[in-house]
Amino acid sequence: MIKNIVFDIGNVVVRWDPNLIAERTFGSADTASSQRDSIFGHPLWLSLNRGELTEEEVKRAFARELGVDHDTLDRLFFHIKDSQDLRDDTIALMHVLKRQDFRLFALTDNVHEIVRYLQERYTFWDLFEHATVSAEIGALKPSPEIFNHLLTTNQLIPEQTVFFDGVPRNVDGAKAIGIKAFVFTDARQAIADLASVGVTIRD
């Protein structure tokens with residue numbers, strides 16, 4: 001019997017679009033594509049998500065290592081935050097699940113400064129009983145450590161828990177420790193996925 005529903009944040013609850021971020025920051029498609037891969041694929045970005053560096057420290061490191069000027073990096077991090085618009089269908093689904101007495105949780109690879117920004121901008125956090133954030137525990141999906149932290153901290157039973165994430169390897173990581181997990185595309189598909197494990201959505 002499913003009791004707990006866990007949502008990733010980026011591309012599940014809010015939009016996460018590195019292509020859009022890069023285009024808004026760097027302009028031309030060719031430059032945007034190259035810089036997108038250089039930045040979001042860089043070990044520094046992973047360090048930021050593990051909470052090992054602050055946003056300002058990463059900006060200075062990117063300036064040194066990638067030769068990007070500080071004004072452009074300020075613009076980049078502005079668009080990283082500002083582009084994260086709500087996915088209204090997910091929010092509606094979360095409200096329905098909450099009314100049906102499911103326990104809701106967040107599990108996200110995310111940055112201290114971005115989380116603070118989203119908490120100030122949006123109220124959806126109040127729907128979560130707890131949020132497990134990579135930067136707070138120093139571990140990233142799909143490592144068992146971050147999923148076990150979620151389960152242990154909240155005393156969750158894996159077989160009673162469903163996890164939605166937009167990245168297949170993260171879904172596989174959750175499944176590896178016994179959590180029922182699905183690749184998230186939109187709320188309609190999520191409702192069908194929930195139905196497959198015995199959860200009926202009542203409007």
Side-chain angles (χ1 to χ4, degrees), residues 1-19 37 40-43 45-52 84 86-111 114-115 118 124-125 127-202:
M1 180 178 179
I2 301 301
K3 297 181 178 180
N4 320 300
I5 316 293
V6 184
F7 294 88
D8 185 21
I9 299 299
N11 255 356
V12 177
V13 180
V14 298
R15 182 181 191 182
W16 173 249
D17 189 343
N19 291 323
D37 295 340
F40 295 114
H42 200 285
W45 180 252
L46 298 181
S47 293
L48 182 61
N49 275 269
R50 285 193 297 265
E52 297 164 351
Q84 294 191 45
L86 281 182
R87 295 196 59 166
D88 293 328
D89 60 337
T90 306
I91 301 300
L93 174 59
M94 289 165 57
H95 278 285
V96 171
L97 291 167
K98 194 75 170 178
R99 288 197 297 271
Q100 292 183 212
D101 295 324
F102 288 97
R103 299 175 69 192
L104 304 187
F105 300 88
L107 174 60
T108 176
D109 286 350
N110 222 317
V111 176
I114 295 173
V115 170
L118 293 174
F124 66 77
W125 298 94
L127 295 169
F128 296 127
E129 196 170 315
H130 181 264
T132 298
V133 179
S134 63
E136 294 176 0
I137 65 171
L140 297 169
K141 295 173 290 184
S143 70
E145 182 180 352
I146 194 167
F147 292 109
N148 285 323
H149 186 278
L150 164 78
L151 296 174
T152 302
T153 300
N154 300 289
Q155 298 182 320
L156 306 183
I157 298 171
E159 294 77 12
Q160 295 177 348
T161 304
V162 173
F163 175 56
F164 288 106
D165 193 292
V167 179
R169 68 175 180 275
N170 295 340
V171 169
D172 291 340
K175 288 179 177 178
I177 62 167
I179 297 172
K180 300 180 190 302
F182 300 95
V183 176
F184 186 90
T185 54
D186 55 34
R188 178 176 295 184
Q189 181 60 49
I191 290 170
D193 293 332
L194 287 167
S196 75
V197 293
V199 175
T200 301
I201 301 301
R202 301 187 300 272

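In this text the structure is predicted, and so the values were computed from the model without any measurement.
When all heavy atoms of His149 and Thr132 are compared, the pair lying nearest together is ND1-CG2, 3.9 Å. The shortest non-hydrogen separation linking Phe184 to Ala190 is CE1-CB, 3.9 Å. Closest non-hydrogen pair, Phe102 versus Ile2, comes out as CE2-O, 3.2 Å. Val111 and Ala135 get closest at one heavy-atom pair: CA-CB, 4.3 Å. Nearest heavy atom pair, residue Thr161 against residue Ile179, reads O-CG2, 3.5 Å. The two residues Leu127 and Lys98 have their closest heavy-atom pair at O-NZ, 3.1 Å.
Here the straight-line distance linking atom OG1 of Thr152 with atom CD of Glu145 works out to 10.5 Å at 0.5 Å rounding. Once rounded to the nearest 0.5 Å, the distance linking CG of Leu93 with CG of Asp88 reads 12.5 Å. Atom OG1 in Thr200 sits 11.0 Å away from atom CD1 in Ile191 (nearest 0.5 Å). In this structure, CG on Asn170 lies 14.5 Å from CZ on Phe164, to the nearest 0.5 angstrom. With values rounded to the nearest 0.5 angstrom, Asp8 atom CG is found 7.0 Å from Asp109 atom CG. Between the CZ atom in Arg103 and the CD atom in Gln155 there is a gap of 8.0 Å [rounded to 0.5 Å].
Taking the side chain as every heavy atom from C-beta outward, Met94 and Ile5 never approach each other to under 4.5 Å. Here the side chains of Leu140 and Ile146 are not in contact, with every heavy-atom distance at 4.5 Å or above. Side-chain contact between Leu194 and Leu97: present, with at least one pair of heavy atoms (C-beta onward) separated by less than 4.5 Å. Side-chain contact between Leu150 and Phe163 is absent, with no heavy atoms from C-beta onward closer than 4.5 Å. Two residues are said to be in side-chain contact when any heavy atoms from C-beta on lie closer than 4.5 Å; Val199 and Val162 fail this criterion.
A distance-only check finds a donor-acceptor pair linking the side chain of Ser134 to the backbone of Asn110 [under 3.5 Å]. A donor-acceptor pair under 3.5 Å links the side-chain atoms of Asp165 to the main chain of Val167, judged by distance alone. Using a distance-only test at 3.5 Å, with no hydrogens or angles considered, a donor-acceptor pair links the side chain of Trp125 to the main chain of Leu118. Formation of a donor-acceptor pair under 3.5 Å by the Arg87 side chain with backbone atoms of Asn11 is found in this model.
Every residue two or more places apart in sequence or in another chain that forms a side chain to side chain contact (heavy atoms under 4.5 Å, CB included) with Lys3 is listed here: Gln160.
Taking the six-membered ring for Trp and thresholds of 30 and 60 degrees, Phe40 and Trp16 have ring planes more than 60 degrees apart, a perpendicular arrangement.
Here the rule is side-chain contact (heavy atoms from CB on, under 4.5 Å) with Val133, and of Ile9, Leu107, Val115 only Val115 fits it.
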Take Thr90 and Phe124 through the side-chain contact (heavy atoms from CB on, under 4.5 Å) test and state the conclusion after the steps. CA-CA 10 Å; Thr90 306; Phe124 66 77; over 6 Å; no
Step-by-step side-chain contact (heavy atoms from CB on, under 4.5 Å) determination, Leu46 to Glu52: CA-CA 9 Å; Leu46 298 181; Glu52 297 164 351; over 6 Å; no
